[in-house]
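Values reported hereafter were calculated over all heavy atoms of this structure, with side chains retained and with hydrogens, waters and symmetry mates removed.
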Amino acid sequence: MLFNNFNLTDEEIMKIICDYEPLIKRNSFVNSMVDEDLNQEIQENIYKELRKNRKK
């Protein structure tokens with residue numbers, strides 16, 4: 001993934017998620033409708049993935 005080498009803060013991760021919201025929403029369609037659960041799951045997975053390199 002593009003951001004794996006960074007130690008991102010929560011604010012930086014949320015900015016990335018907000019910047020990519022149109023793409024996330026476009027990929028959250030099921031049966032021609034936005035599936036809010038899928039949208040949230042995608043966002044959660046992005047957050048978890050970007051957070052995992054954070055120093056504890």
Q: Report whether Leu23 and Ile13 are members of the same hydrophobic cluster (ILVMFWY, side-chain heavy atoms less than 4.5 Å apart, transitive linking).
A: yes
Q | Hydrophobic cluster membership, Leu8 vs Met14, 4.5 Å side-chain cutoff | A | yes
Q. Hey, mind stepping through Ile46 and Tyr20 against side chain to side chain contact (heavy atoms under 4.5 Å, CB included) and telling me if it holds?
A. CA-CA 10 Å; Ile46 291 170; Tyr20 282 90; 5.7 Å; no
Q: May I ask you to check whether Asn39 and Gln43 show a side-chain donor-acceptor distance below 3.5 Å?
A: yes
Q) Is there a donor in the side chain of Glu36 and an acceptor in the side chain of Gln40, or the other way round, less than 3.5 Å apart? A) no
Q: Calculate, to the nearest 0.5 Å, the distance between atoms CG and NZ belonging to Asn45 and Lys48 respectively.
A: 6.0 Å
Q. About how many Å separate CD1 of Ile42 and CD of Glu21, when rounded to the nearest 0.5 Å?
A. 9.5 Å
Q: Write down the atom of Leu38, the atom of Asn27, and the distance for their closest heavy-atom approach.
A: CD2-O, 3.9 Å
Q) Would a distance-only check, ignoring hydrogens and angles, find a side-chain to backbone donor-acceptor pair under 3.5 Å from Asp35 to Asp37? A) yes
